[in-house]
Amino acid sequence: MRAARTLAVTATAFAALGLAAPLATATNGPSSVTVGSFQAPTGGDNNRDGVTVSPFAVHQGGLLTITTRDCAGGTVSSPAFTAATLSGLNNGFATATVRIFNNATPGTYTVTAQCINGRTLTGQFRVLAGQGAAGGLGGSLAPTSTEMAVGGSLVAAAALGGGVFVARRRRMSGAGA
């Protein structure tokens with residue numbers, strides 16, 4: 001009898017968890033990033049004239065990777081960061097990683113690449129206000145109301161089930177069984 005009851009409680013818990021999992025993961029939307037009313041392109045698809053920046057929208061103090069096509073070397077510059085040297089020509093692409101100024105004014109900026117062969121390439125990126133998350137997922141993602149409701153109902157169900165189990169067990173031991 002005890003084994004059957006334990007099995008029933010375990011099966012119920014797994015069923016509740018199994019039904020809650022799709023709801024908890026249903027909040028993942030499309031992969032594009034919306035910043036205020038501004039829709040940022042995904043996949044580094046902001047190539048205007050041979051320059052691609054990633055990520056397109058970066059917080060003040062964040063890192064920005066700039067990739068140029070057919071630019072064997074040179075420098076990249078913008079009012080939002082200190083000029084940097086393009087390095088490595090891999091399959092026709094050269095890259096530079098820069099740090100956005102902590103006090104950069106939020107808005108859209110143009111990055112200019114001066115190639116050693118005389119070409120000038122441009123691209124755009126957006127600086128967002130604030131420092132962003134310190135790294136990792138800790139503190140950078142908050143639970144949604146759906147996730148909170150599912151979690152709360154699971155805790156309530158577990159507390160109710162535990163209370164019923166303890167109450168029935170006390171009643172049985174008091175009856176002299």
Side-chain angles (χ1 to χ4, degrees), residues 16-155:
L17 185 61
L19 292 174
L23 290 175
T25 60
T27 59
N28 292 340
S31 62
S32 62
V33 177
T34 302
V35 180
S37 62
F38 184 81
Q39 180 73 25
T42 59
D45 189 19
N46 53 356
N47 186 348
R48 276 182 40 179
D49 291 320
V51 175
T52 304
V53 295
S54 178
F56 176 78
V58 62
H59 285 279
Q60 296 165 327
L63 293 178
L64 183 70
T65 301
I66 303 161
T67 306
T68 61
R69 181 182 314 146
D70 298 329
C71 186
T75 59
V76 290
S77 61
S78 173
F81 57 82
T82 304
T85 303
L86 289 165
S87 63
L89 187 62
N90 187 10
N91 294 329
F93 295 95
T95 62
T97 302
V98 296
R99 185 175 179 276
I100 303 299
F101 294 134
N102 289 335
N103 60 353
T105 305
T108 302
Y109 286 86
T110 299
V111 59
T112 303
Q114 290 289 350
C115 304
I116 58 173
N117 62 4
R119 290 181 65 200
T120 301
L121 308 173
T122 61
Q124 288 189 328
F125 65 97
R126 185 170 183 88
V127 174
L128 306 174
Q131 296 297 316
L137 292 178
S140 64
L141 299 176
T144 65
S145 58
T146 303
E147 293 168 338
M148 291 297 289
V150 169
S153 63
L154 287 174
V155 169

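Shortest non-hydrogen contact noted between I100 and Q60 is CG2-CA, 4.3 Å. Across A80 and V127, no two heavy atoms sit closer than the pair CB-CG2, 4.3 Å. The two residues R119 and R69 have their closest heavy-atom pair at NH1-O, 3.9 Å.
Every residue two or more places apart in sequence or in another chain that forms a side-chain contact (heavy atoms from CB on, under 4.5 Å) with N102 is listed here: R99, Q131. Residues passing the ring-ring contact (aromatic ring centres under 6.0 Å, His included) test with F81, sequence neighbours excluded: none. Legend: residues meeting side-chain contact (heavy atoms from CB on, under 4.5 Å) with T112, ordered by chain and number and at least two apart, are S77, T110, Q114, T120, T122.
Across V51, I66, T85, a single residue satisfies side-chain contact (heavy atoms from CB on, under 4.5 Å) together with V76, and that is I66.
The distance from atom OH of Y109 to atom CD of Q124, rounded to the nearest 0.5 Å, is 12.5 Å. Here OG1 of T97 is found 7.0 Å from CG of L63. Values are rounded to the nearest 0.5 Å.
In this structure, the side chains of C115 and L121 come closer than 4.5 Å at one or more pairs of heavy atoms.
Looking at H59, its side chain does come within 3.5 Å of a backbone N or O of A129 through a donor-acceptor pair.
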